[in-house]
A.B. asks: 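Can you keep this structure in mind? I'll have questions shortly.
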Amino acid sequence: MPSYQAPLRDMRFVMDEMFDYPAHYASLPNGEDASPDVVSAILEEGARFARDVLLPINQSGDAEGCLLEGGEVKAPKGFKEAYQQYVEGGWPSLAADPEQGGQGLPPSLAMMLSEMICATNLAWGMYPGLSHGAADALRHHGTDEQKATYLTKLVEGVWTGTMCLTEPHCGTDLGLIKTRAVPVADNAYAITGTKIFISAGEHNLAENIVHLVLAKLPDAPEGSKGISLFVVPKFLPNAEGNPGERNGVTCGSLEHKMGIHGNATCVMNFDGATGYLVGPPNKGLACMFTMMNAARLGVGIQGLGLIEASFQNSLSYARDRLQMRGLSGKQAPEKPADPIIVHPDVRRMLLTQKAFAEGGRMLVLYTAQMLDVVEHGEPGEDRDHAETLLGLLTPIVKAFLTEVGFESTNEGVQIYGGHGFIKEWGMEQLVRDARITRLYEGTTGIQALDLLGRKVLMSQGESLKVFTKEIHKFCKAEADNADLKEFVEPLSKLNAEWGELTMGVGMKAMQDREEVGAASVDYLMYSGYVTLAYLFARAAKQASLSLTGEEKSFYAAKLNTARFYYQRLLPRTKAHAQMIQSGAGSLMAMSSEDFGLGFEI
């Protein structure tokens with residue numbers, strides 16, 4: 001079975017030494033509750049829960065899967081008991097509003113817990129995962145009555161939430177949904193339609209499930225402008241606020257998936273189910289974006305957790321597995337062969353995993369600070385700045401970390417060689433689980449269009465300038481720092497090129513809008529690599545100040561990882577830049593019929 005130890009030392013390096021989280025928390029309203037001692041206790045207990053409770057049921061849950069009988073879904077053995085421990089430990093309420101029974105701690109703490117959960121049992125983590133987003137959507141857009149009915153239950157974790165968006169025929173194009181909401185008595189609506197790919201849509205872990213459902217009113221405009229949002233519980237709450245009559249919503253089937261077998265991915269049928277409007281009519285997509293953005297950050301953290309899990313187990317295997325001798329001679333002469341960690345190509349794969357794990361953690365915690373300020377900060381310039389950065393970075397967190405997450409888990413299988421292809425070692429499960437992260441909550445292509453099209457070009461590049469200006473100030477301040485020259489000079493050039501590439505795509509798009517779609521994925525990946533380069537430069541600065549202390553090996557390794565990233569991974573930006581500049585011509589030249597020349601379809 002794979003092993004896992006939460007990377008608490010690296011988390012503390014990023015939180016305390018790079019981003020000064022103690023001062024950050026102290027600056028937030030009621031931030032004194034997130035004292036260093038409290039934060040340390042939360043991280044250590046979260047690490048124990050992930051290692052001792054979730055990890056042991058990860059492989060068994062993957063093998064067993066979920067069972068649908070008579071419309072009821074049973075999660076794998078141990079999942080319900082683990083969820084009960086999760087609720088009893090108060091974990092669901094960690095970052096929720098105290099007015100709804102939450103502990104009021106910053107969202108960034110919950111994000112660190114999420115990394116540990118995703119690293120040890122991604123499928124289990126999806127059951128409570130969407131509840132936070134559902135609670136946020138109701139908190140921002142629900143009526144007082146809806147908040148009183150649902151929020152406390154969701155915060156406590158005794159009820160869980162889902163997001164019901166797409167349907168068999170529409171995929172990402174939600175303007176095509178057919179689910180209908182017909183007004184009935186007492187401000188209620190009868191919801192009828194079918195939703196697919198609903199994570200944790202039906203299960204036996206909690207006493208009720210609160211579905212947030214997109215549907216169209218009878219007089220709704222066509223397309224996405226006619227979408228409304230409804231709250232549709234599995235059991236209608238009775239007068240005491242407890243589960244009462246069963247609602248007209250059922251699980252029609254379970255999807256047979258490539259991975260995340262332990263999570264129930266459901267086809268949900270709404271047959272005149274009673275639902276209640278959330279937010280204004282025909283503004284449901286805007287309301288749902290509150291939940292979708294939270295989910296996108298959550299999926300990026302899934303990518304990070306899987307990278308860390310794959311790296312830790314790959315490293316352990318590479319230290320033990322004996323095969324051949326080092327090219328420069330025997331490295332372990334007392335053994336019949338050298339451990340494979342002595343071989344340069346194995347080190348390349350390990351360092352790729354290590355760099356993406358550490359860089360991804362920096363990206364998540366940097367973004368988490370912005371989320372803390374947006375959720376808890378006072379209105380003003382600082383919160384506006386944080387909101388702009390959060391909007392820009394969310395698609396990068398989601399798409400970049402899941403793309404390199406899939407790459408990193410594949411490298412894990414490669415390090416294990418033939419054993420990586422065998423289920424017992426657990427490495428192939430990480431690959432299968434990682435594959436979905438590039439798809440759900442908006443594919444990489446959708447995130448890329450959001451980044452380049454909506455966040456950057458629609459703001460005339462202003463959102464990007466907020467971030468590149470920060471990078472520019474860092475490079476300018478460190479320009480004379482000889483210890484950082486190897487990082488600052490290439491970062492400064494890439495930062496300038498980022499703006500030039502953006503302007504180039506924008507100019508082309510004025511003549512041909514296909515240029516945005518043609519450039520978008522390469523633009524997102526380029527943006528991700530440059531963003532991590534900035535964060536590694538900041539990490540290198542911090543590490544270089546601590547090389548003479550008691551933990552000099554830790555800081556030396558941090559510097560070596562930063563050098564590897566700059567020398568072996570950051571050059572990928574050159575290929576992405578060239579592809580961005582190549583334009584849409586070769587992509588759009590052929591007709592759809594020409595694709596099939598030479599065979600019949």
Side-chain angles (χ1 to χ4, degrees), residues 6-21 24-25 34 39 42-43 46-47 50 94-95 105-120 122 125 129 132-133 293-312 353-375 386 389-409 434 437-438 441 447 451 467 470 524 527-539 542 558 561-562 565:
L8 297 179
R9 179 63 186 92
D10 196 59
M11 289 179 178
R12 293 187 178 110
F13 168 78
V14 179
M15 295 178 75
D16 298 342
E17 299 176 57
M18 279 187 67
F19 298 140
D20 196 2
Y21 260 74
H24 163 68
Y25 285 152
V39 171
I42 288 171
L43 293 179
L94 196 67
L105 292 168
S108 53
L109 269 177
M111 292 170 78
M112 283 297 90
L113 175 66
S114 293
E115 181 194 331
M116 302 177 199
I117 291 173
C118 294
T120 50
L122 178 61
H132 304 297
N293 284 330
R296 288 171 177 178
L297 290 173
V299 175
I301 296 171
Q302 290 179 349
L304 169 59
L306 293 169
I307 296 170
E308 180 66 36
S310 185
F311 168 61
Q312 287 192 20
Q353 295 175 309
K354 181 177 173 63
F356 283 139
E358 294 181 9
R361 187 167 299 113
M362 290 186 280
L363 174 57
V364 165
L365 280 166
Y366 177 79
T367 307
Q369 278 194 331
M370 308 307 158
L371 183 62
D372 286 346
V373 174
V374 169
E375 291 292 326
L389 278 179
L390 181 63
L392 179 76
L393 292 172
T394 293
I396 297 175
V397 170
K398 194 283 179 187
F400 184 79
L401 290 187
T402 58
E403 288 290 330
V404 300
F406 186 61
E407 175 186 348
S408 297
T409 55
T437 64
R438 298 168 65 199
E441 309 308 338
Q447 302 301 321
L451 173 66
F467 190 42
E470 179 178 321
L524 185 143
S527 302
Y529 283 114
V530 177
T531 300
L532 257 63
Y534 166 56
L535 297 172
F536 265 117
R538 289 183 60 172
Q542 191 62 42
K558 186 68 65 177
T561 304
Y565 180 83

A.B. asks: Using the salt bridge (Lys or Arg N to Asp or Glu O under 4.0 Å) rule, pick out the option among Arg12, Arg538, Arg9 that qualifies with Glu17.
C.D. replies: Arg9
A.B. asks: For Tyr21 and Phe19, take the angle between the two ring planes, folded into 0 to 90°, and tell me which bin it lands in: parallel under 30, tilted 30 to 60, perpendicular over 60.
C.D. replies: tilted
A.B. asks: Would you say the side chain of Tyr366 lies within less than 4.5 Å of the side chain of Val14, judging by non-hydrogen atoms?
C.D. replies: no
A.B. asks: Counting C-beta onward and ignoring hydrogens, is there a side-chain heavy-atom pair between Ile42 and Leu113 closer than 4.5 Å?
C.D. replies: no
A.B. asks: May I ask you to decide if Gly391's main-chain N or O and Thr394's side chain share a donor-acceptor pair within less than 3.5 Å?
C.D. replies: no
A.B. asks: Assess the residue pair Lys398 and Glu441 against the criterion (salt bridge (charged side-chain N to carboxylate O under 4.0 Å, His left out)); give the C-alpha distance rounded to whole Å, side-chain angles, the decisive distance to 0.1 Å, and a yes or no.
C.D. replies: CA-CA 9 Å; Lys398 194 283 179 187; Glu441 309 308 338; over 6 Å; no
A.B. asks: Give me the atom names and distance for the closest heavy-atom approach of Pro107 to Ala95.
C.D. replies: CA-CB, 3.8 Å
A.B. asks: Side chain of Thr409, backbone of Phe406: donor and acceptor closer than 3.5 Å?
C.D. replies: yes
A.B. asks: What do you reckon, are the aromatic ring centroids of Phe400 and Tyr529 less than 6.0 Å apart?
C.D. replies: yes
A.B. asks: Using only atom types and a distance under 3.5 Å, with no angle test, would you say the side chain of Arg361 pairs donor to acceptor with the backbone of Leu304?
C.D. replies: no
A.B. asks: How long is the gap from CG on Leu8 to CE on Met116, to the nearest 0.5 Å?
C.D. replies: 5.0 Å
A.B. asks: Distance alone, cut at 3.5 Å: any donor-acceptor contact between the side chains of Ser108 and Asp372?
C.D. replies: yes
A.B. asks: Are the side chains of Cys118 and Glu308 in contact, using a 4.5 Å heavy-atom criterion?
C.D. replies: no
A.B. asks: Which atoms form the tightest heavy-atom contact between Thr437 and Val299, and what is the distance?
C.D. replies: O-CG1, 3.5 Å
A.B. asks: Has Ser310 got a side-chain atom pairing as donor or acceptor with Leu306's backbone, closer than 3.5 angstrom?
C.D. replies: no
A.B. asks: Any side-chain heavy-atom pair from Tyr25 and Val39 closer than 4.5 angstrom?
C.D. replies: yes
A.B. asks: Going from CD on Glu358 to CG on Leu532, what distance comes out if it is rounded to the nearest 0.5 angstrom?
C.D. replies: 10.5 Å
A.B. asks: Could you pull out the closest heavy-atom pair between Pro395 and Leu451, with the gap in Å?
C.D. replies: CG-CB, 3.9 Å
A.B. asks: Side chains of Tyr534 and Glu470: any donor to acceptor distance under 3.5 Å?
C.D. replies: yes
A.B. asks: Measure the spacing between CD of Glu115 and CG of Leu43 and express it to the nearest 0.5 Å.
C.D. replies: 10.0 Å
A.B. asks: Is any side-chain heavy atom of Leu365 closer than 4.5 Å to one of Met111?
C.D. replies: no
A.B. asks: So, do Leu524 and Gln447 sit near enough that their side-chain heavy atoms are less than 4.5 Å apart?
C.D. replies: yes
A.B. asks: If I take atom CD from residue Gln312 and atom NZ from residue Lys354, how far apart are they, to the nearest 0.5 angstrom?
C.D. replies: 10.5 Å
A.B. asks: Mind listing the closest non-hydrogen atom pair of Ala294 and Gly133 along with its distance?
C.D. replies: CB-CA, 4.3 Å
A.B. asks: State, with a plain yes or no, whether a side-chain heavy atom of Phe13 is found less than 4.5 Å away from one of Gln542.
C.D. replies: yes
A.B. asks: For the atom pair OG1 (Thr367) and CE (Met362), what is the distance rounded to the nearest 0.5 Å?
C.D. replies: 12.0 Å
A.B. asks: To the nearest 0.5 angstrom, please state how far the OG1 atom of Thr402 sits from the CD atom of Glu407.
C.D. replies: 12.0 Å
A.B. asks: Do the non-hydrogen side-chain atoms of Val364 and Leu401 ever get within less than 4.5 Å of each other?
C.D. replies: yes
